[in-house]
Amino acid sequence: MTAAPEHGPDQQTATRPAQSRRALFAGSVGNFIEWYEFGVYGYFATIIAARFFTPEGGSEIEGLVKTYASFALAFFFRPVGAALFGRLGDRIGRRPVLIMVVLLMTGATTLIGALPTYATAGALAPWLLTFLRVLQGLSAGGEFGGAVSVMTEFAPPGKRGLYGSWQSFTVALGLLGGAGAAALLATLLTAEELNSWGWRLPFLLTLPLGLGALWLRLRLDETPAFREEGSAERPPAREVTRAIALGAGRIMGWAAAGYTFLVVLPSYLQSSLNATFQQALVATVLANLGFAVTIVPAGWLSDRVGRRPVMLTGALSVTVLALPLLNLLQDTGTSNTVKGVAVFVAGAVVGLMAGPGPAMLSELFPTNVRYTGLGLAYALSNAVFSGCAGLVITETIERTGSVDIPGYYAAVTCAVSALALLMPRRDRYGQRS
């Protein structure tokens with residue numbers, strides 16, 4: 001098997017190991033905060049629904065649907081953020097834009113923890129929450145393209161897949177951090193305390209995390225690739241658009257299955273399978289552990305055999321296994337051990353797509369449009385297939401009564417991703433991806 005080229009003609013000059021490590025930490029820390037917060041929001045979805053979207057007399061499912069609508073709205077502002085911050089990042093550099101992004105993300109997330117609820121502010125409360133979610137969406141849209149550009153452009157020769165995989169690995173760490181915070185609070189606090197004020201603490205914790213991320217990014221150098229090629233002639237818009245569409249198609253399964261198994265799972269288990277809050281969190285932690293275990297090895301392997309074979313294995317695995325794994329969770333006769341293995345495997349196969357994914361996207365674009373191009377591909381795919389996952393799954397289950405909807409959703413999107421991964425592409429830079 002011929003390995004996919006890891007370095008196009010835009011590859012950076014050699015960088016010092018210290019620079020590469022600094023870029024790895026500075027690029028990944030903002031992503032950790034982003035996904036920590038999105039995980040916390042998903043894990044506390046039922047509580048947030050009750051506090052912000054369900055006035056007295058409203059139904060629980062109605063509040064949950066509105067909560068996921070706010071969740072989806074933030075995702076639909078990601079492409080806007082990707083275009084806005086990506087254009088800046090491709091013109092003035094990765095470093096200053098990543099500093100702006102982390103400041104916006106930290107401020108918006110911290111303020112969520114201080115918001116008045118519906119009981120205090122009335123109809124203003126959900127609007128304030130939605131506004132902060134929009135700001136988060138903008139910052140998240142600008143985060144991915146810059147972080148992956150920095151990681152892959154500073155990566156040592158032959159290690160783009162490995163370095164890019166750390167972006168996805170911090171997704172797992174962020175979701176695990178959010179799940180851990182939620183589980184710890186659920187253990188230490190009573191249900192009344194958790195619903196009253198305890199849910200605020202994970203959001204407020206973002207402030208010190210964000211300040212640490214800011215410090216790391218202030219010490220970050222601009223990438224050699226941008227310094228050398230950032231002012232080069234840009235490729236035709238049609239070519240960039242095709243690359244964005246192909247990239248979005250290749251990762252739609254990662255986006256959909258990832259959010260289905262890693263974020264939506266707690267609310268699904270509680271609302272559809274009558275699991276307790278603690279049981280749902282344990283299942284989510286196991287899924288995220290499986291996800292985390294395979295990401296970096298998958299990125300490392302993609303440097304040796306190519307991005308597409310590894311990602312294709314993950315996409316086809318989800319297509320085949322999604323429904324059987326979900327059926328195991330639904331079966332009351334299945335032991336807790338078997339259910340734990342099922343959710344672990346679900347997360348692990350998603351990790352096969354997430355590990356090589358960032359490097360694959362990076363290699364679709366030359367340096368001077370990379371921040372914008374890969375950011376838009378990722379943001380568009382996530383806006384449609386991640387941001388809408390909770391809303392689509394919850395609403396469809398309510399309308400059809402079928403608890404198999406999450407399995408179908410993950411399987412179909414991964415099947416489409418597999419088709420996109422089978423489409424070869426040779427761009428004008430002679431790079432086959």
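Everything numeric here is computed off the predicted structure, so don't read it as measured data. Side chains included, hydrogens not; waters and symmetry mates left out as well; all remaining heavy atoms used.
In this structure, CD on Glu143 lies 8.0 Å from CD on Gln167, to the nearest 0.5 angstrom. Annotation: the span from Leu185 atom CG to Glu193 atom CD amounts to 10.5 Å, rounded to 0.5 Å. Within the model, atoms OG1 of Thr372 and CZ of Arg91 stand 8.5 Å from one another, a figure rounded to the nearest 0.5 Å. In this structure, CD1 on Ile244 lies 4.5 Å from CG on Leu376, to the nearest 0.5 angstrom. The OG atom of Ser149 sits 7.0 Å away from atom CG of Asp90, with the distance rounded to the nearest 0.5 Å. One distance of note links CD1 of Ile405 with CD of Glu395; it measures 11.5 Å at 0.5 Å rounding.
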Discussion item. Run Thr367 and Arg370 through side-chain contact (heavy atoms from CB on, under 4.5 Å) and show every step you take.
Written reply: CA-CA 5 Å; Thr367 300; Arg370 177 172 293 138; 3.7 Å; yes
Practice prompt. Could you please spell out the steps behind the side-chain contact (heavy atoms from CB on, under 4.5 Å) verdict for Met360 and Ser302?
Written response: CA-CA 9 Å; Met360 181 275 297; Ser302 77; over 6 Å; no
Item to complete: Would you please test Phe344 and Val293 for side-chain contact (heavy atoms from CB on, under 4.5 Å) and show each step?
Response: CA-CA 10 Å; Phe344 184 89; Val293 163; 4.2 Å; yes
Practice prompt. Evaluate the criterion side-chain contact (heavy atoms from CB on, under 4.5 Å) for residue pair Leu132 and Phe203; output intermediate values, then yes/no.
Written response: CA-CA 12 Å; Leu132 293 177; Phe203 293 100; over 6 Å; no
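With hydrogens and angles disregarded, no donor-acceptor distance shorter than 3.5 Å links the side chain of Thr223 to the backbone of Phe154.
Aromatic rings of Phe32 and Trp166 (six-membered ring for Trp) have centroids beyond the 6.0 Å cut-off, not under it. A ring-centre distance under 6.0 Å is found for Tyr259 and Trp35.
Between Glu153 and Arg95, none of the side-chain N atoms (NZ, or NE/NH1/NH2) sits under 4.0 Å from a carboxylate O, so this pair counts as no salt bridge. We find that Glu37 and Arg133 are joined by a salt bridge, their nearest charged nitrogen and carboxylate oxygen being less than 4.0 Å apart.
Side chain to side chain, Arg160 and Thr152 fail the donor-acceptor criterion of an N or O pair below 3.5 Å. Side-chain atoms of Arg22 and Gln19 include no donor-acceptor pair closer than 3.5 Å. A donor-acceptor contact closer than 3.5 angstrom is absent between the side chains of Thr170 and Ser28.
Residue Leu24 comes nearest to Met151 through the heavy atom pair O-CE, 3.8 Å, listed as atom of the first residue, atom of the second, then distance.
Looking at Tyr371 and Leu98, their side chains come closer than 4.5 Å, going by heavy atoms from C-beta outward.
The only member of Thr332, Thr334, Asn327 that meets side chain to side chain donor-acceptor pair (under 3.5 Å) when paired with Gln330 is Asn327.
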